[in-house]
Protein chains: 4
Amino acid sequence: MNSILTNDEKKKRKRSTILDAAIKLYSENGFAETKVAEIAKEAGVSFGTVFTYFNSKEELYEAAILEPLEEIKPYFIEIEERFKGEPLEIIKEMIDCHVQLFATRSEYLRLIQQVLARPERFPKLFKELDAFVKSFIDCIYPVIEAGQRLGYFYEESPSLIAESYLSILNGMRLTFIDEYTNMVWKDITRQALRLFGPISNI
Amino acid sequence: MNSILTNDEKKKRKRSTILDAAIKLYSENGFAETKVAEIAKEAGVSFGTVFTYFNSKEELYEAAILEPLEEIKPYFIEIEERFKGEPLEIIKEMIDCHVQLFATRSEYLRLIQQVLARPERFPKLFKELDAFVKSFIDCIYPVIEAGQRLGYFYEESPSLIAESYLSILNGMRLTFIDEYTNMVWKDITRQALRLFGPISNI
Amino acid sequence: MNSILTNDEKKKRKRSTILDAAIKLYSENGFAETKVAEIAKEAGVSFGTVFTYFNSKEELYEAAILEPLEEIKPYFIEIEERFKGEPLEIIKEMIDCHVQLFATRSEYLRLIQQVLARPERFPKLFKELDAFVKSFIDCIYPVIEAGQRLGYFYEESPSLIAESYLSILNGMRLTFIDEYTNMVWKDITRQALRLFGPISNI
Amino acid sequence: MNSILTNDEKKKRKRSTILDAAIKLYSENGFAETKVAEIAKEAGVSFGTVFTYFNSKEELYEAAILEPLEEIKPYFIEIEERFKGEPLEIIKEMIDCHVQLFATRSEYLRLIQQVLARPERFPKLFKELDAFVKSFIDCIYPVIEAGQRLGYFYEESPSLIAESYLSILNGMRLTFIDEYTNMVWKDITRQALRLFGPISNI
DNA sequence: TATGAATGAGGTTTCATTCAT
DNA sequence: GATGAATGAAACCTCATTCAT
């Protein structure tokens, strides 16, 4: 029954439908080549309605980047709260979690890359993402240091390690196009881990 | 005579000026948000002249991707011809070469990423790049195998190693925005190398 | 309420305003030399509105040809239903009707001629007109035959008579430029009739 | 041998090649949809050369109309000098001559119709053609009068007869698209003649 | 609140014409 | 005289946004 929903809930739901359509289409076609009319169609609303919930195409793009970012943040900045054990264990679990996250939300990763590729075009969003990266590094820094002290990780600048890790996450989205299947992502995880320390197969 | 250049040479030179302007602007602004008028201005020619040398905006984009690709190809598919020594040495030199290459041509790498991010939008170009990646893997495969036999490299699928290497190359372009300076790229090289085998600092 | 008209009626009306403007300007200036902006201005709507109702300039041209054709058709293919009496009477009335029709809609006749003059440029429209001509001949054929049996008409191929009749209708639009006045068209009618049989003045 | 030609002759010949190409293409595609480059190609010269012989596209169009007009004129204004015998004979021969003329030069007739259809667009050319029509009427007028006096022709305004004759000539170009073959044109001639007087078969 | 017709700025592309070689 | 590269005005068309219903 639709009628069980309050008005507010209905509105939230419609807003969310539109946002999901936007994420899908922006990620597939980029900002410029996505038409508001298409988003409306994908969301099953008239395109006037899109402007009821978002003031402009640009604002919708920002929401499409920033709102999922909030959902994803915990997995990157609550490292020690989420992943327990030895540093190596923590990092292993973290990588597993991240790879799985982007395997299921690869379209969102694409969106992020669009912003990273054009800092001057999307300054506000870029700043947000940059801050996010910095927070991640701050969070993971002590873990890496601890791992280095225990001799598990390379004696390398923890920032570099963290950044190269983000690089490989980003890059894999580009390289392994549609093969983000269960089969490969265990492998990917292993390779990502090797940026931290010398990990042989088991 | 205005110069010693023949007519043909002048034409080639003008074409190249336009292509360079296109590479710069396409890489900065993407295909859709780059205006042909801007390319013309950047190249210092009139608007219509762009269409004298390239039939359409799309064709110019293709040329901007494919022509530099030809220049870059040798560094990826003549591995054993170019880089000599032990497998570890070969890979080291190769990574150095590639990182330096993309440090100086980071704008071109951005172009490639635009295509990789949208295979359906640029099918022809994507196919070309995909073939390029496959050739690279074919070339590097025996080197990795040799390195594995000598115990330098991880006992990992050579394809996976090669692909994760390409991932980190691509990803680093996104992560280390404008810091591709001399200082960091030695570090980057080191991290890339760690995808092949367990490399400690020296 | 601004008016009693429903939304749908208003849309139809606007579409029709644009179509009329198009017929006028296309007939005066031809397809290529008519600018969509001019049509919009003539119709009193903005530029973009034209494209709300017609997908392209070409489609608008097709509508400008085909829609009035439907209105005109009955006068050419319902000969025996519309015009009564002896064959001679039927033909007389028919010619009268046609001449008057084209006197009032001379601009539309001009449009038709543009298509007839360029079958390869407008294949779809040409086919339509060609079919129309054939239907007309089919309809008038028995009337001419009957007239021939009664000795009123020349013993000539009815198709030839019909086609020469259409020729003179078309040709007169070109020859008697703006003189399609009441004065001359009785005369024109008489001359057209003489293609059917030997008609003296009365 | 080309070398037998004087320079002047060569130039004339090239000019004529271009003009013929122009007549062909203008008649097929109209003024606006014919590109100078196409004319050049058809004529086998570079398109800069077209502008060596004609100052503009418009001027070339005018030449394409006016120069063949001079060739055709004699057949329309030297009626009594060319065609001998009784008025009926004169008219018969004239019609024969004209139909044959336009059968072989139907493309030129198409050009004329383009101008007749747009007097305001081509005022200069239209005036020229209008004068031509008037001259024709002047020339044929006495012949018709004579025929009327002899009882061969309808007691109709000779101008009307002449104009309706021109109408059918023009119209037949539109109606009998590509069937201007030997078979039909005897028939067409007969129908045209019937605008003058009551002519039975044979 | 939801709709979608109206708007017009802005982009790509064509093509006549110029002019240096 | 012949060529064809350069130019830029002008046209079509798209699409974000507004706003009346």
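Only heavy atoms go into these numbers, but all of them, side chains included; no hydrogens, no water, no symmetry mates. Order of the sequence lines fixes the chain letters, A, B, ..., with proteins taken first and strands second; residue numbering starts at 1 for each chain. None of these values were measured; they are calculated from a predicted model.
Using a 4.0 Å heavy-atom criterion, one finds that B/Tyr53 contacts the sugar-phosphate atoms exclusively.
Not a single donor-acceptor pair under 3.5 Å links the side chain of B/Tyr26 to the backbone N or O of B/Tyr108.
Salt-bridge formation is not detected for the pair B/Glu9/B/Arg15: no Lys NZ or Arg NE/NH1/NH2 atom is positioned less than 4.0 Å from an Asp or Glu carboxylate oxygen.
Distance CD (B/Glu38) to P (E/dG10): 13 Å, rounded to an integer number of Å. Taking atom CZ on D/Arg15 and atom C1' on F/dA2, their separation rounds to 17 Å, with Å as the unit. In this structure, D/Asn55 atom CG and E/dC19 atom P are separated by 13 Å, rounded to whole Å. With rounding to whole Å, D/Ile39 atom CD1 is found 11 Å from E/dT17 atom P. Protein atom CG of A/Asp8 is 10 Å distant from nucleotide atom P of E/dT1, rounded to whole Å. In this entry the distance linking NZ of D/Lys41 with P of E/dC15 reads 13 Å, nearest Å.
D/Phe126 is not listed as a side-chain neighbour of D/Arg121, based on a closest heavy-atom distance of 4.5 Å or more. Looking at heavy atoms from C-beta onward, D/Leu174 lies out of side-chain contact with C/Ile112 at the 4.5 angstrom threshold.
A sub-4.0 Å separation between OP1 or OP2 of E/dA5 and a side-chain N or O of C/Thr52 is absent. Residue B/Lys11 has a polar side-chain atom (N or O) positioned under 4.0 Å from OP1 or OP2 of F/dA5.
Comparing F/dC12, F/dT17, E/dG11 by their closest approach to the side chain of B/Lys57 singles out E/dG11.
Nucleotide F/dT21 is matched to E/dA2 when pairs are restricted to Watson-Crick or G-U wobble geometry with both distances under 3.5 angstrom. Base-pair partner of F/dT14: E/dA9 (Watson-Crick or G-U wobble, both distances under 3.5 Å).
Checking C/Ser46 against D/Lys35, the closest nucleotide of DNA chain E that is more toward the 5' end is the one next to C/Ser46. Taking the nucleotide of DNA chain F with the nearest heavy atom to each of D/Phe47 and D/Lys14, the more 5' of the two is matched to D/Lys14.
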